[in-house]
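Just below is one structure, and these are the notes that go with it.
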Amino acid sequence: MSADRNTAEGGETAIVTAAPPATRAIVMRVLGTYGTIIVLVLMVVVFSSLRPGTFSSVGNFRNIFNDMAIGTIVAAGLTVPLVAGDFDLSIGYVASFCGLLVVGLLSAGLAIPVAILLVIAVGMAIGIVNGFIVTKIGVNAFIATLGTGTVVVGLNYAYSGGIPQQLTQSREFTDIAIGRIAGVPHLVLLMAAVLVVLWVILNRTVQGQHIKAIGVSPESARRAGVAVDRSRIVAFAIASTCAAIGGVLMASNLGSGQVTAGDGFMLTSFAAAFLGSAALKEGQFHIVGTLIGVLTVAVGNNGLAMIGAPIFTQFVFAGSLLVVAVALGGIGRRYRIG
């Protein structure tokens with residue numbers, strides 16, 4: 001940016017900063033609005049050229065959507081507190097704990113619907129605790145959810161002793177995740193259902209409008225009569241509920257409860273949500289954007305695996321993508337506000 005130095009009245013010197021060139025502003029706005037879609041399209045083109053007829057096949061994309069379904073549910077839940085301007089770092093630990101817990105309850109003889117509902121209720125309760133700590137006690141959301149997540153890790157090990165939980169009779173439970181309807185995997189259908197519900201909550205309900213208003217300005221929302229604390233608690237509860245659903249589906253897919261199986265959802269969910277904020281809405285978190293973000297991560301991982309890249313490249317890719325996602329989201333917000 002250039003600066004012109006002009007002499008103002010009274011002999012004082014004023015610095016007038018020139019506006020950014022129009023072309024740069026346009027480029028930055030395009031990156032902030034369509035950056036993630038551009039990255040996704042480029043990856044599809046590159047991997048399709050490297051593995052023609054294989055990567056871009058219908059079967060491979062069906063596998064991609066099936067593999068990303070659980071992560072999408074968790075990431076979509078995380079999107080709700082992000083819309084409200086809050087962070088939730090406990091979601092991965094909640095998913096791991098709930099996956100173990102549902103297997104333990106089933107092994108103890110509980111009916112599948114009862115066990116699933118109890119575990120989802122536990123997940124929701126953890127979210128309510130998160131929201132209470134943040135809103136009523138005043139602890140920063142970053143610290144509060146990191147602390148709560150660490151407590152959940154402790155509960156996880158106290159419950160399991162660090163040992164994976166195996167199901168003895170798992171056919172009906174595993175069918176929840178691995179079954180198909182008319183060739184479409186159950187996980188894809190469940191993912192679609194959760195996305196639709198969350199989209200409706202955020203875009204077609206009063207509660208959703210309140211959550212959005214809080215994300216713009218909590219004080220303005222409060223002056224407008226919004227119950228800010230309650231709405232933030234609801235947002236945290238939704239995030240943990242989705243994490244619990246993800247944990248249940250993960251256990252169903254694996255046929256067992258693994259101690260750390262869901263921990264990685266934290267990084268991938270944040271990467272997806274921030275990538276999604278640079279898809280279509282200029283730096284705003286939204287459900288459709290998060291879906292695009294998860295798809296971008298999933299396509300990258302699938303393509304790297306298909307070309308035989310070493311396993312470490314997936315971690316490098318995920319970390320780099322998170323940095324790029326935050327940068328693109330920041331660009332979108334800066335040029336939308338400007």
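When a residue number appears, it is its place in the shown sequence, counting from 1. Owing to the predicted nature of the structure, the values given are computational and were not obtained by experimental measurement.
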So how far is it from [X] [atom1] to [Y] [atom2], rounded to the nearest 0.5 Å?
X      : Y      : atom1 : atom2 : result
Asn302 : Asn63  : CG    : CG    : 7.5 Å
Thr72  : Asp67  : OG1   : CG    : 10.5 Å
Leu198 : Leu291 : CG    : CG    : 11.5 Å
Leu195 : Ile287 : CG    : CD1   : 7.0 Å

Would Val134 and Arg232 satisfy side chain to side chain contact (heavy atoms under 4.5 Å, CB included), going step by step from the backbone distance to the final call?
-> CA-CA 9 Å; Val134 171; Arg232 291 174 75 190; 3.1 Å; yes

Between Arg222 and Asp229, does at least one N-O distance fall below 4.0 Å, as a salt bridge requires?
->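 A salt bridge is present here (some side-chain N lies under 4.0 Å from a carboxylate O).
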
What is the ring orientation for Phe285 with Phe274, classed by angle as parallel under 30°, tilted 30 to 60°, or perpendicular over 60°?
->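 Perpendicular, since the angle between the ring planes exceeds 60°.
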
What is the ring orientation for Phe61 with Phe55, classed by angle as parallel under 30°, tilted 30 to 60°, or perpendicular over 60°?
->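 The arrangement is perpendicular - the two ring planes meet at more than 60°.
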
Can you tell me if [X] uses its side chain to pair, donor with acceptor, with the backbone of [Y] under 3.5 Å?
X      : Y      : result
Thr174 : Arg171 : yes
Asn66  : Arg62  : no
Thr290 : Thr79  : no
Ser269 : Met266 : no
Gln165 : Ile163 : yes

Worked check of side chain to side chain contact (heavy atoms under 4.5 Å, CB included) between Leu275 and Ile292 = CA-CA 8 Å; Leu275 278 169; Ile292 295 171; over 6 Å; no

Let me see the working for Leu202 and His286 under side chain to side chain contact (heavy atoms under 4.5 Å, CB included), right down to the final yes or no.
-> CA-CA 8 Å; Leu202 281 177; His286 59 115; over 6 Å; no

Result block: side-chain N/O donor-acceptor pairs under 3.5 angstrom for residues 234-249, not counting sequence neighbours:
unit_1, atom_1, unit_2, atom_2, d
Ser240, OG, Gly127, N, 3.4
Thr241, OG1, Ala237, O, 2.7

So, do [X] and [Y] sit near enough that their side-chain heavy atoms are less than 4.5 Å apart?
X      : Y      : result
Thr205 : Gln209 : no
Leu89  : Phe270 : yes
Gln284 : Ser277 : no

List the atom pairs, donor and acceptor, that lie under 3.5 Å between side-chain atoms in residues 95-122 and the rest of the protein, sequence neighbours left out.
unit_1, atom_1, unit_2, atom_2, d
Ser96, OG, Gly92, O, 3.3
Ser96, OG, Gly262, N, 2.8
Ser96, OG, Asp263, N, 3.2
Ser96, OG, Asp263, OD1, 2.7
Ser107, OG, Val103, O, 2.9

More than 12 heavy atoms of other groups within 6.0 Å of Phe47 CZ |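 It does: Phe47 CZ has more than 12 such atoms within range.
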
